[in-house]
Amino acid sequence: MGAGRPAPRGGVPQPPPGAPDPGRRRAWVESAARMRAAATTEPGRLRIIGAGLALLVVAFGAVTAWQVTDRSTAADNVVKHSAPLSATAAEIYRSLADADATVTGGFLVGGQQPKKVSDRYEGDISNASKLIAQAAANSQGSPQARAQIALLNEQLPKYVELVTAAQTNNRQGLPVGGAYLRYANSQMRKPGGLLLAADKLYEIETGRLGSDYSDAKALPYVSWAVGAVALGALLWAQRRHYRRTNRVFNQGMLAASAASAVVLLWLVAGHTVARSQLEHSYQHGARSMQVLNNARISVLQARGDENLTLVARGSGDNYETNFANGMTTLAGADPKGVGGVLAQALQLADNSAGSDPVNAAVKSVQTWRTRHTAERRSDKDGDYTTAVAQVIGGKDSSGKTVEQTTGSCFDAVDASLQKAVDQEQKEFKSAADSGRGALALLPYGAALLAVFAAAGAVLGIGRRLSEYR
């Protein structure tokens with residue numbers, strides 16, 4: 001016979017030494033069987049319920065903290081990043097347009113420009129350069145914004161060089177100075193020019209602001225759903241406890257339910273307040289500022305066109321057409337009415353502090369259009385000296401000093417709109433700060449209360465389990 005173990009009585013072969021016993025189940029199979037058996041008992045079911053409740057409330061707290069943190073971060077970006085970047089882009093445009101309008105007005109004086117004009121032009125160029133550098137430092141995440149900033153950095157020195165050449169020739173009384181100025185103006189306004197690059201940068205940053213607003217106001221559906229499931233499961237567990245023991249309250253699960261309900265109510269109330277305040281900050285802050293910035297841009301472009309009409313000396317019909325179109329965009333077709341962008345600004349102003357400056361701007365625009373009509377009449381009648389005086393001040397052809405000029409109207413409109421922008425900026429910041437403040441503590445509170453609720457659920461189930469010992 002071989003070396004194997006002899007067959008026992010009955011002829012059943014035995015496995016060799018060290019081989020697994022085919023009649024014995026694996027360890028994991030036995031463990032699963034024991035778990036299934038335990039789950040059929042009341043203590044086992046209670047343990048499973050306790051673990052499930054703890055996981056649900058912890059998941060509710062974690063999801064709430066995650067979703068609220070995302071919205072709080074977006075609200076923070078609205079206040080600290082996208083809104084300031086949008087304002088910076090708008091100010092770049094305004095500075096460039098004001099520089100162009102200022103330098104064209106200086107040419108009407110003839111010869112050496114007044115120091116006031118030179119200082120304003122140089123201040124605008126310096127401010128634009130500084131703001132472009134700031135935008136470059138803060139727009140690193142946007143390739144589209146960087147492309148427009150690169151165009152601004154490339155073209156601004158060329159514009160300044162053309163203006164310098166125009167001023168030099170103008171001081172010498174050479175007519176070519178006007179040609180240089182018109183060419184500089186075309187570089188400012190042409191497709192791909194400075195103003196278009198600044199306008200695209202403004203659109204990009206305003207789009208980013210809108211995206212941050214959407215993220216901040218997005219409804220936390222997942223958190224609401226998990227919270228409702230967790231609270232429903234806790235209520236079901238307590239009803240089950242009552243039906244089996246006839247005890248109305250389980251202190252642990254009652255505390256867990258209360259904590260979960262607080263988190264859910266806090267989430268709904270906090271997000272509702274935040275959403276309302278952020279919407280207010282947009283409608284009566286950010287959007288109002290966008291409309292007012294558009295109005296200021298139209299004003300500056302109209303002033304530049306008005307000046308260039310006279311600089312062109314009889315060949316400025318296209319500038320006069322641009323002026324008329326700009327005024328229609330700004331205030332509507334009726335010179336004595338209120339329309340266009342200014343009418344939008346009035347609709348968005350929600351109090352007298354915001355509407356009063358706009359109303360003042362409307363009145364100044366109406367006066368400006370009346371005086372502009374008189375100036376154009378003088379120029380077409382061949383009285384160029386009077387026309388210039390009606391635009392920038394000074395003496396007319398009869399030697400009489402002209403006090404009521406279109407330039408003073410332009411200054412009044414610009415100052416009124418700046419006051420309105422400052423007011424809307426205050427309203428924006430106040431409402432946006434309130435919106436993000438409503439979410440500030442919620443992630444931490446939700447996490448803390450979720451841990452408390454989980455502990456309450458476990459302790460409540462544990463007390464019930466102790467009755468089986």
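For reference, positions follow the sequence shown, starting with 1. These numbers come from the heavy atoms of this one structure, side chains and all, not from hydrogens, waters or symmetry mates.
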Out of curiosity, [X] [atom1] to [Y] [atom2], how far, rounded to the nearest 0.5 Å?
X: Thr104; Y: Leu308; atom1: OG1; atom2: CG; result: 5.0 Å
X: Thr309; Y: Asn322; atom1: OG1; atom2: CG; result: 8.0 Å
X: Glu91; Y: Asp124; atom1: CD; atom2: CG; result: 8.5 Å
X: Asp422; Y: Met289; atom1: CG; atom2: CE; result: 10.0 Å
X: His271; Y: Ser276; atom1: NE2; atom2: OG; result: 11.5 Å
X: Ser288; Y: Leu348; atom1: OG; atom2: CG; result: 4.0 Å

Ignoring hydrogens and geometry, is there a side-chain-to-backbone donor-acceptor pair from [X] to [Y] under 3.5 Å?
X: Ser126; Y: Glu122; result: no
X: Gln366; Y: Gly337; result: yes
X: Asp98; Y: Arg94; result: no
X: Ser86; Y: Ala83; result: no
X: Gln155; Y: Gly192; result: yes
X: Ser211; Y: Arg208; result: no
X: Ser408; Y: Thr405; result: yes
X: Thr88; Y: Ala135; result: no
X: Asp414; Y: Phe410; result: no

Is the shortest side-chain N to carboxylate O distance from [X] to [Y] below 4.0 Å?
X: Asp305; Y: Arg189; result: yes
X: Arg303; Y: Glu306; result: yes
X: Arg71; Y: Asp215; result: no
X: Glu203; Y: Lys200; result: no

Let me check something: any side-chain donor-acceptor pairs from residues 252-261 under 3.5 Å, sequence neighbours excluded? List them with distances.
residue	atom	partner	partner atom	Å
Ser257	OG	Gln238	NE2	2.6
Ser257	OG	Met253	O	2.9
Ser260	OG	Ala256	O	3.0

Cut-off 3.5 Å, no hydrogens considered: what does the side-chain donor-acceptor table look like for residues 58-69, sequence neighbours left out?
residue	atom	partner	partner atom	Å
Thr64	OG1	Phe60	O	2.7
Thr64	OG1	Ser223	OG	2.6
Trp66	NE1	Asp70	OD2	3.1
Gln67	OE1	Ser223	N	2.9
Thr69	OG1	Ala65	O	2.5

Do [X] and [Y] have side-chain N/O donor and acceptor atoms under 3.5 Å apart?
X: Asp212; Y: Ser82; value: yes
X: Asp100; Y: Gln301; value: no
X: Glu279; Y: Gln283; value: yes

ring-ring contact (aromatic ring centres under 6.0 Å, His included) partners of [X], counting only residues at least two apart:
X: Tyr282; result: Tyr213
X: Tyr202; result: none
X: His280; result: His284

- Message: If you compare all heavy atoms of Val413 against all heavy atoms of Ser364, which two are closest, and at what distance to 0.1 Å?
- Response: CG2-CB, 3.3 Å
- Item | Over 12 foreign heavy atoms within 6.0 Å of NZ, Lys190 |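 Buried by this count: over 12 neighbours within 6.0 Å.
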- Item | Crowding at CZ, Arg287 (>12 non-hydrogen neighbours, <6.0 Å) |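 For Arg287, atom CZ is not crowded (no more than 12 foreign heavy atoms under 6.0 Å).
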- Message: Is any side-chain heavy atom of Val358 closer than 4.5 Å to one of Leu292?
- Response: yes
- Criterion side chain to side chain contact (heavy atoms under 4.5 Å, CB included) against Leu96, the qualifying member of Leu152, Ile297, Asp199: Leu152
Under 3.5 Å, which donor-acceptor pairs do the side chains of residues 434-443 form with other protein atoms, sequence neighbours left out?
residue	atom	partner	partner atom	Å
Ser434	OG	Ser430	O	3.0
Arg436	NE	Asp433	OD1	3.2
Arg436	NH1	Asp76	OD1	2.3
Arg436	NH2	Asp433	OD1	3.2

